[in-house]
Amino acid sequence: MAFATGMIRRAFSMSTTNQAVKHVTVIGGGLMGAGIAQVAAQTGHNVTVVDVSEDVLKKSKDSIKKSLERVAKKQNPEDEKARANFMTETMSRLSMNTNVEDVAKSTDLVIEAIVENLDIKKKLFSSIDSIAPEHTIFASNTSSIPIKEIASATKRLDRFGGLHFFNPVPVMKLVEVIRTPETSDTTFSTLAEFGKAMGKTTVEAKDTPGFIVNRLLVPYMMEAVRMLERGDASAKDIDTAMKLGAGYPMGPIQLSDYVGLDTCQFIVKGWHEKHPDNPLFNPCPLLDKLVSEGKLGMKSGEGFYKYNKL
Ligand SMILES: CCCCCCCC(=O)CC(=O)SCCNC(=O)CCNC(=O)[C@H](O)C(C)(C)COP(=O)(O)OP(=O)(O)OC[C@H]1O[C@@H](n2cnc3c(N)ncnc32)[C@H](O)[C@@H]1OP(=O)(O)O
Ligand SMILES: NC(=O)C1=CN([C@@H]2O[C@H](COP(=O)(O)OP(=O)(O)OC[C@H]3O[C@@H](n4cnc5c(N)ncnc54)[C@H](O)[C@@H]3O)[C@@H](O)[C@H]2O)C=CC1
């Protein structure tokens, strides 16, 4: 089989060294799940995406296809055949399913990327714990919930860890690999190897609030929303200031819309409840108001800014 670019060849050879994980189940086909599934398939893994309805899965597949076309165009701007091969190869490794129990019966790694809610995540993992094979590793892509609390819904504490990806997954080069005190060395190294096989740089993080990146990023983003709430500066000026004055690719207000305001709200609410004395985690009424109005950011067409519907 001839692969058109060095990049695809490299991605393939990386995956063949990662014997432990051949089939990946990504639960949640939203913003993050779609990105994780795309990159896993791109790097030679067989992937099944699970979500609650056929309709959501169709949207997820369409968004993966669109993003893959961008990657293909970048890799092979001049070679239409290579682009077509890349698309066919990658899409052939990807399947969609609404029945999580069926998929969990035969998979090496489950990556959960559903709504940021502890009870819902626990319910999900508890429903597949007795179905999944012994060797299967469970991982959560949670932004803010302790991995240990999610893992407590299962009997495989040694085969449970965190794999925290960043949005947009096809572009962001980092994966945080999180271990709880119970995560075994084998599980940790399998997760780290898998992250590398996906072409990412991995860092090891303890199971502390926000791990590394979000512990620093969330207070920064919420301070920006509070600044806007006080009327100290406009959204546009805050964003321009941080882009041009601090070299960030996106300002904090735009980034909140990009991440999803419901996800931001869940994070801040959860941390405030657990750490009420920490003013960095205080709720933001403006954020709550937008979410209650269904303004969830880019994904809903409006947040702090308005967007053309995708
Ligand atoms: C309240 C607390 C809340 C905390 C929430 C925490 C959430 C988490 O748990 C953790 C997170 O993910 S935090 C978010 C981390 N992400 C960021 O900070 C993204 C910041 N933005 C960027 O990097 C660029 O604006 C970005 C890359 C997005 C876009 O770049 P540009 O503005 O330059 O736009 P483009 O020129 O369109 O893109 C640049 C290159 O990237 C390629 N690309 C973009 N999106 C893609 C996608 N979805 N799929 C495939 N490729 C994609 C694009 O093709 C382009 O490539 P080149 O042509 O080679 O430059
Ligand atoms: N949005 C972001 O920038 C980042 C989010 N995360 C985390 O990733 C997770 C997912 O976030 P997003 O992709 O942004 O959310 P999203 O809202 O875009 O997608 C969540 C998906 O999960 C599905 N879902 C909900 N309950 C389900 C269940 N029981 N079984 C199967 N599917 C179910 C929904 O239908 C939806 O398609 C969250 O834990 C979030 O904190 C992590 C890194 C970055």
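Whatever order the structure lists ligands and atoms in, that order sets their numbers, starting from 1.
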- Message: I'd like to check atom 25 (O) of ligand 1 in this structure: does the protein have a heavy atom lying under 4.0 Å from it?
- Response: yes

- Query: Would you say atom 13 (S) of ligand 1 touches the protein, meaning some protein heavy atom is under 4.0 Å from it?
  - Reply: yes

- Task: Could you find the nearest protein heavy atom to atom 18 (O) of ligand 1 and give me its residue, atom name and distance?
- Result: Leu255 CD1, 3.6 Å

- Query: Does Ile120, backbone or side chain, put an N or O under 3.5 Å from an N or O of ligand 2?
  - Reply: no

- Item | Asn141 N/O to ligand 2 N/O under 3.5 Å | yes

- Message: Closer than 4.0 Å to some heavy atom of Gly30 - which atoms of ligand 2 meet that?
- Response: 13 (O), 18 (O), 19 (O), 21 (C), 37 (O)

- Item | Selected option - heavy-atom contact closest to atom 27 (C) of ligand 1, from Val171, Leu68, Val259 | Val171

- Is atom 32 (O) of ligand 1 less than 4.0 angstrom from at least one protein heavy atom? no

- Output yes when the distance from some N or O of ligand 2 to some N or O of Leu31 is under 3.5 Å, and no in every other case. yes

- Query: Please state which protein non-hydrogen atom is closest to atom 28 (C) of ligand 1 and give its distance, to 0.1 Å?
  - Reply: Tyr258 OH, 3.6 Å

- Message: Against ligand 1, does His164 come closer than 4.0 Å with any heavy atom?
- Response: yes

- For atom 16 (N) of ligand 1, closest protein heavy-atom neighbour: Asn167 O, 2.7 Å

- Message: Within the 4.0 Å heavy-atom shell around Cys264, which atoms of ligand 1 are there?
- Response: 1 (C), 3 (C)

- Query: Is the centre of the Tyr248 ring less than 6.0 Å from the centre of the Tyr220 ring?
  - Reply: yes

- Item | From CZ (Arg230) to CG (Leu286), nearest 0.5 Å | 12.0 Å

- Query: What protein heavy atom sits nearest atom 48 (N) of ligand 1, and how far away is it?
  - Reply: Ser67 OG, 3.7 Å

- Task: Report the member of Arg70, Gln42, Glu176 with the shortest heavy-atom distance to atom 53 (C) of ligand 1.
- Result: Arg70

- Message: Protein non-hydrogen atoms only, distance under 4.0 Å: does atom 39 (C) of ligand 1 have such a neighbour?
- Response: no

- Task: Identify the protein heavy atom lying closest to atom 23 (O) of ligand 1, giving its residue, its atom name and the separation to 0.1 Å.
- Result: Pro249 CG, 3.5 Å

- Note on the structure: Among non-hydrogen protein atoms, atom 36 (C) of ligand 2 lies closest to Asp51 OD2, 3.5 Å

- Task: Under 4.0 Å, heavy atoms only, figure out whether ligand 1 is touched by the backbone of Leu217, its side chain, both or neither.
- Result: side chain

- Please examine the side chains of Arg93 and Val47, heavy atoms only from C-beta on, and report whether any two atoms are closer than 4.5 Å. no

- Query: If you measure from CG on Asp288 to SG on Cys264, what distance do you get to the nearest 0.5 Å?
  - Reply: 11.0 Å

- Atom indices of ligand 1 within 4.0 angstrom of Pro170 heavy atoms, with elements: 49 (N), 50 (C)

- Task: For ligand 2, note which part of Val56 has a heavy atom under 4.0 Å away: side chain, backbone, both or neither.
- Result: side chain

- Note on the structure: A student checking ligand 1 against Met222 at a 4.0 Å heavy-atom cut-off should list atoms 1 (C)

- Should Val203 and Leu174 count as side-chain neighbours, where that means a heavy-atom distance under 4.5 Å? yes

- Does Ser143 reach ligand 1 with a nitrogen or oxygen that is under 3.5 Å from one of the ligand's nitrogen or oxygen atoms? yes

- Tell me, do Thr25 and Ile111 make a side-chain contact under 4.5 Å, heavy atoms counted? no

- Should Lys121 be counted as touching ligand 2, given the test is an N or O pair under 3.5 Å? yes

- Touching ligand 2 at all, Gly260? Heavy atoms, strictly under 4.0 Å? no

- Among Ile114, Ile267, Ile36, Val26, closest by any non-hydrogen atom to atom 9 (C) of ligand 2: Ile114

- When you measure from atom 11 (C) of ligand 1 to every protein heavy atom, which one gives the shortest distance, and what is it? Phe166 CD2, 3.5 Å

- Closest to atom 58 (O) of ligand 1 (heavy atoms only, candidates Lys74, Gln265, Gln254) is Lys74

- Of Thr48, Thr136, Asn46, the one forming a side-chain hydrogen bond (donor to acceptor under 3.5 Å, both in side chains) with His23 is Thr48

- Message: Please list the nearest protein heavy atom to atom 31 (C) of ligand 2 with its residue and the distance rounded to 0.1 Å.
- Response: Ile27 CG2, 3.7 Å

- Item | Side-chain heavy-atom pair Thr180, Leu157 within 4.5 angstrom cut-off | no

- Message: When you measure from the centre of the six-membered ring of Phe138, is the NZ or CZ of Arg156 closer than 6.0 Å and no more than 45° off the axis?
- Response: yes

- Hey, does Met96 have a side-chain heavy atom less than 4.5 Å from the side chain of Leu94? yes

- May I ask you to check whether over 12 heavy atoms, not counting those of Lys61, lie within 6.0 Å of atom NZ? no

- Query: Would one find an N or O of Thr142, backbone or side chain, under 3.5 Å from an N or O of ligand 2?
  - Reply: no

- Item | Identity and separation of the nearest protein heavy atom to atom 17 (O) of ligand 2 | Lys299 NZ, 3.5 Å

- Query: Got an N/O contact under 3.5 Å between His164 and ligand 2?
  - Reply: no

- Message: Looking at non-hydrogen atoms alone, which of Val259, Val52, Ile145 comes nearest to atom 30 (N) of ligand 2?
- Response: Val52

- Query: When the ring centroid of Phe281 is compared with that of His272, is the distance short of 6.0 Å?
  - Reply: no

- Message: For atom 8 (C) of ligand 1, what is the closest protein heavy atom, and at what distance to 0.1 Å?
- Response: Asn214 ND2, 3.5 Å

- Message: Would Phe165 count as a polar contact of ligand 2, with the cut-off being nitrogen or oxygen pairs under 3.5 Å?
- Response: no

- Item | Per-atom contact, atom 3 (C) of ligand 1, protein heavy atoms, under 4.0 angstrom | yes

- Task: Provide the number and element of each atom of ligand 2 under 4.0 Å from a heavy atom of Asn167.
- Result: 3 (O)

- Message: Just to confirm my output: which protein heavy-atom neighbour is closest to atom 13 (O) of ligand 2, and how far is it?
- Response: Met32 N, 2.8 Å

